[in-house]
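Counting convention: from 1, in listed order, for ligands and their atoms alike.
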Amino acid sequence: MKLCRFNDNRLGLVEDQWVIDVTTALSRLPTASYPLPCFDLLIANLDEVRVGIETLSGRAKIPLDEVTLLSPVANPGKLVAAPVNYQAHLDETIADEVTFSREHVRRIQETGLFLKATSSMIGAGAPIEIHHPDRRTDHEIELGVVIGKTCKDVHPDDALSVIAGYTIGLDITIRGPEERSLRKSLDSYSVLGPWLVTADEFGNPADRDLELKVNGETRQKANTRDLILDVPALIAFASSYYTLHPGDVLYTGTPEGVGPIAPGDTIAASIVGIGKMQVNVIAR
Ligand code: MN
């Protein structure tokens, strides 16, 4: 099942080039009161909402290209991200000392993970707003993993069972010496979209082609089989430090080919089994 959020917080089922409005299925969510939960209510109750979606009838159908896509997860508690998790990307950072600050060129096993601010998150329908045009700002395409259950100390053999679904992540990044959490958490620098593909539909994430184009030119083209820490290893690693909650998103790392973006550019990002999204870049 492909689920999107669109327009004014509508819930949609994506089928081919259509979005079926299934917002009424959200009535199955438990009501929350203050203090609101620090996880995503929809992702935590995804199975129940899916039952609601399957029993709906007479649903409005909207052409996909007429909706504004929001992030498929509304309220992630955290965005966990993997730095330099493809060998060929590590190699390109080693080779270019001008662009990639030396303090960040290390193996992921030494660097560990980092967090991106949830306030930086947008969906595919919103533009990336370049904040510091004087500094190099790069695209990074990544497989995004949406956690479905509260979990801690997950064994790699059990890791796929805690996943609600998958999405495409763009980890937009200013290059430079500062901490990653600063350079990668500007407003609009964490794109998620175009929708969530549920884990049962997506299958095993171990062998997925991903591709990113800027203005029609291919910049990144790779396969998740080349991840240094694969998805189960990343979940085991992350959950040995953080409790993971429903709706937490794991950016799994970007492959080689990262490069600068500028206002006026259009990014097209695709992952086999999820789909494609197009995101515009503008000046802030
Ligand atoms: Mn990244």
Tell me which N, O or S atom of E142 sits nearest to the Mn ion (ligand 1).
OE2
Would you confirm whether R175, through its side chain, and T99, through its main-chain N or O, come within 3.5 Å as a donor-acceptor pair?
no
Check the side chains of R208 and T224 for a donor-acceptor pair under 3.5 angstrom, ignoring hydrogens and angles.
no
Give the name of the N/O/S atom in D171 that lies closest to the Mn ion (ligand 1).
OD2
For E140, what is the atom name of its N, O or S atom nearest to the Mn ion (ligand 1)?
OE1
Can S190 and K116 be counted as having a side-chain donor-acceptor contact under 3.5 angstrom?
yes
Compare all side-chain heavy atoms of L244 with those of K78 and state whether any distance is below 4.5 angstrom.
yes
